Amino acid sequence: MKRYTLKPVETHARKLDYEAVLNAQQLAVVTAGAGPLLVIAGAGSGKTHTLTYRMAYLVERGVAPDRIMLLTFTNRAARAMTTRAASLIGADAARMWGGTFHSVANRILRREAKVLGYPDDYTIIDQEDAQTLMKACLTEANVGHLERRFPTEKVLLRILSFCINSQQKVEQVVQEKYPYFLNLAGQLRSIFRLYQTRKLEMGLMDFDDLLLNWKKLLSEHEDLRAKYAAQFEHVLVDEYQDTNHIQGEIVDLMASVHGNVMVVGDDCQSIYAFRGADYRNILEFPKRFDDCKQFKLETNYRSTPEILELANRSIAHNTRQFQKTLRAERRSGALPVHVRLKDANQQARFVCQRILELIDEGMALPEIAVLYRSHHHSLELQVEMTRAQIPFVVRSGLRFFEQAHIKDVLAYLRFVYNPKDELAFMRLARQWYGIGQKRAQDIWMFASSQTDALEAVSDQRLIDTLGGQAASSWTQAAGLLTTLRGQRLSESPAEMIAAILESEYKEFVQSSYENAENRMSDLEQLASYADQFKTLDEFLGEVSLLATISGQEIGVGEAKPDEFVCLSSVHQAKGLEWGATFVLWLSDGEFPHASAAQDIAQLEEERRLFYVAATRAKNELYLCHPFTRTGRDRFTTVLRESKFVEELKRGGQKQPFEDWAIDA
């Protein structure tokens, strides 16, 4: 038999000219020696480029690809970096361990799950399945949830997830984030124990279990920790400032043998504390690794010098940070603009008019973004852009009037306006404790058979048929509907919405929806918006129009179907960039949020949020300051400019923006 010999694969046949493709700071990172490395990578400084060449450099110096682990926050980013690094030096990208924390955890657990009592073929359940199981556990736990309004399975999963990712006890999380459930902490703990037990019995893991069980393998099984920590000679972590407590512990455990861990991130862009990110991971990294070497990437390839000057001066007011100064690679451009506006409506008109001017000047729609701290800040703008037929896409979630809690409140107004509206009735009825689909249908059948359905919902004969908690709950619902019925002709739509918000509906929001505080803020904004309408039919007519029309043409040339202006919260905009960026509601109490006034840590996170917003802009940056706000009580408040804008005027330096006055 003839023998055929395969030649060894050349894994690093090509030699790269690193100096030709990296700046001096990037080169220092890429060619750094062994040991723990902390890389503070400023906005737009090419951290992905640097990480990619670091991996290529390691392989070129003899590190086997399968001894490198890259942890990122998207699998797409990991694939792009590992594939690019492999192509640079002719290696096999598939041998590199790259992916999100969850995907790498799954890869390891598939080999070791039996140690924790799971089968190798355990199933990863999605959010819908997790909610189904949590609902079953809620019933099985028998914690008295039938006698009172209790968090829904979706909210329960959110609480448990925060406990796991922050490694905090239930009582601590509830006290800090869900104080209205503090008296239920003991019951929540029982439900969560049962939920975790049931998953183990059925061989199921949810996404949080992947991290929790990966940590258990490393912290409770010394042999497995030694095995995997020894296997990976180099661990690289992207966006390290966004890691939560459990992810930080996993990284430390994986680096416990070789100590070769490179974490890359920007503490000034740590803005996700609300979902468990712990910026102390990056700030305290040098304390956990005594021999840590620190590097900075400060050359920004995105923005003009003027925009970076504003961003640098703002973030300098934060006390807890790694000091750095972004330097622009680009030529000088226009100064950022600070615009003082009368109110939210004038702000919306200004933004729309300026967008149309930018388009006339040749800027493409996708190169324009409007950013805001909170989703409700975009209400008036969404209305105005729809009227102006400017196509837009909302990255921060659904369009304002498409959100569930907005539709909830509008359902009351629709039913009061038209008592034949069965869809509106069924939506509002199911919001009340003890009223499910069947009872709601029974109530509707009775009410719709009467001469006046709106009057019939409070008929004692109907309430007597419900019995128990449902009867008590529906009595309150009927009382609210009776109040709204009396207000329809004498009060404004804003006052009707106020009555809903002052009812038991608030408890429904807290128990049924995530981010209850933000949703209530949305509803307050809805009430303020409704104040400009004198009658209910006028308001509902306008809302219906806005909910069904989306601008497809802008009147200044044809827009392609996939061309839109981007509307986004700053949180959702991180990592993106646009030619022109507008930042809304830079007014005291709005951005920064009022809750940050007495909390230094929260204020610094808000300032980091402003820093992220500013550094999304490449060429033009507009800072909008509405100086009045009218509440649903029709009382107008004068608002000072944002603390972050005010700070930029201090210190005797020339302010890094120009002021624009609006001639209405």
Side-chain angles (χ1 to χ4, degrees), residues 135 138-139 142-156 180-181 183-184 187 403-491 493 495-513 516 519-520 523 526-527 536 540:
K135 186 173 184 179
L138 177 60
T139 301
N142 192 26
V143 292
H145 64 286
L146 297 178
E147 287 90 40
R148 72 188 102 176
R149 188 178 287 282
F150 214 80
T152 62
E153 54 273 16
K154 189 173 184 179
V155 175
L156 288 171
Y180 36 86
F181 294 143
N183 64 318
L184 302 177
Q187 292 96 317
Q403 298 176 101
H405 52 295
I406 301 298
K407 287 184 174 181
D408 287 346
V409 169
L410 292 176
Y412 289 91
L413 304 187
R414 285 171 49 198
F415 178 63
V416 170
Y417 180 70
N418 175 18
K420 295 181 180 180
D421 190 338
E422 181 180 355
L423 294 178
F425 177 82
M426 293 298 289
R427 185 179 190 106
L428 73 87
R430 292 194 301 270
Q431 296 167 23
W432 293 85
Y433 179 64
I435 308 297
Q437 180 72 24
K438 177 64 169 59
R439 277 203 173 108
Q441 192 65 51
D442 291 343
I443 296 171
W444 171 253
M445 293 298 293
F446 175 85
S448 61
S449 67
Q450 306 301 307
T451 305
D452 185 341
L454 186 53
E455 182 179 9
V457 296
S458 57
D459 192 306
Q460 191 61 46
R461 291 174 298 168
L462 167 64
I463 294 174
D464 289 342
T465 65
L466 299 176
Q469 290 292 328
S472 175
S473 179
W474 188 251
T475 298
Q476 295 175 323
L480 173 60
L481 290 170
T482 300
T483 298
L484 295 176
R485 182 188 187 204
Q487 289 180 323
R488 178 184 168 184
L489 298 178
S490 60
E491 307 290 347
E495 289 167 319
M496 296 178 70
I497 294 174
I500 298 170
L501 301 187
E502 290 164 4
S503 73
E504 289 74 13
Y505 176 73
K506 183 176 182 179
E507 295 180 14
F508 171 76
V509 173
Q510 291 172 341
S511 62
S512 304
Y513 291 126
R519 292 177 188 264
M520 290 304 296
L523 294 169
L526 176 67
L536 181 58
L540 290 176

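Worth saying up front: this structure is predicted, and the values here are computed from it rather than measured. FYI, the numbering just counts along the sequence from 1.
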Do you know the tightest heavy-atom contact between Ala471 and Thr475?
O-OG1, 2.7 Å

Listed partners of Gln431 passing side-chain hydrogen bond (donor to acceptor under 3.5 Å, both in side chains), at least two apart:
Asp408, Tyr412

Please report the interatomic distance CD(Glu455) to CZ(Arg485), rounded to the nearest 0.5 Å.
4.5 Å

Between Leu481 and Leu428, is any pair of side-chain heavy atoms under 4.5 Å apart?
yes

If the condition is ring pair (Phe, Tyr, Trp, His ring centres under 6.0 Å), which residues does Phe508 pass it with, not counting sequence neighbours?
Tyr505, Tyr513

Rounded to the nearest 0.5 Å, what separates atom CZ in Phe150 from atom OG in Ser512?
13.0 Å

What's the shortest heavy-atom distance between Ile463 and Ser458, and which atoms?
CD1-O, 4.0 Å

What residues, two or more places apart in sequence or in another chain, satisfy side-chain hydrogen bond (donor to acceptor under 3.5 Å, both in side chains) together with Asn418?
none

Could you go through Ile443 and Phe425, starting from their C-alpha distance and side-chain angles, then the distance that decides it, and tell me whether this counts as side chain to side chain contact (heavy atoms under 4.5 Å, CB included)?
CA-CA 10 Å; Ile443 296 171; Phe425 177 82; 3.5 Å; yes

Residues in salt bridge (charged side-chain N to carboxylate O under 4.0 Å, His left out) contact with Asp464, at least two apart in sequence or another chain
none

For Lys420, give me all partners under side-chain hydrogen bond (donor to acceptor under 3.5 Å, both in side chains), at least two apart in sequence or on another chain.
none

Can you tell me how far apart CZ (Arg461) and CZ (Phe446) are? Round to the nearest 0.5 Å.
4.5 Å

Donor-acceptor contact below 3.5 Å, side chain Ser473 vs main chain Ala470:
no

Note: Val457 and Trp474 closest approach over all heavy atoms is O-NE1, 2.9 Å

Is a donor on one side and an acceptor on the other found under 3.5 Å between the side chain of Arg430 and the backbone of Met426?
yes

When rounded to the nearest 0.5 Å, the distance separating CD of Gln469 from CD1 of Ile435 is 10.5 Å

May I ask you to test the Lys407-Arg414 pair for a side-chain heavy-atom distance under 4.5 Å?
no

So, taking the atom named CD1 in Ile497 and the one named CD1 in Ile406, what distance separates them when rounded to the nearest 0.5 Å?
8.5 Å

Enumerate the residue pairs fulfilling salt bridge (charged side-chain N to carboxylate O under 4.0 Å, His left out) with a member in residues 439-451, sequence neighbours excluded, ordered by first and then second residue.
Lys438-Asp442

Give the minimum heavy-atom separation between Pro419 and Ala453, together with the two atoms involved.
O-CB, 3.7 Å

Closest approach of Ser503 and Leu480, non-hydrogen atoms and distance?
OG-CD2, 3.6 Å

Are Arg427 and Leu410 packed together at the side-chain level, in the sense that at least one heavy-atom pair is separated by less than 4.5 angstrom?
no

Heavy-atom closest pair (Met496 atom, Gln487 atom, distance to 0.1 Å) is CA-OE1, 3.4 Å

Using 0.5 Å steps for rounding, measure from the CD atom of Gln187 to the CG atom of Leu138.
10.5 Å

Would you confirm whether Thr152, through its side chain, and Ser511, through its main-chain N or O, come within 3.5 Å as a donor-acceptor pair?
yes

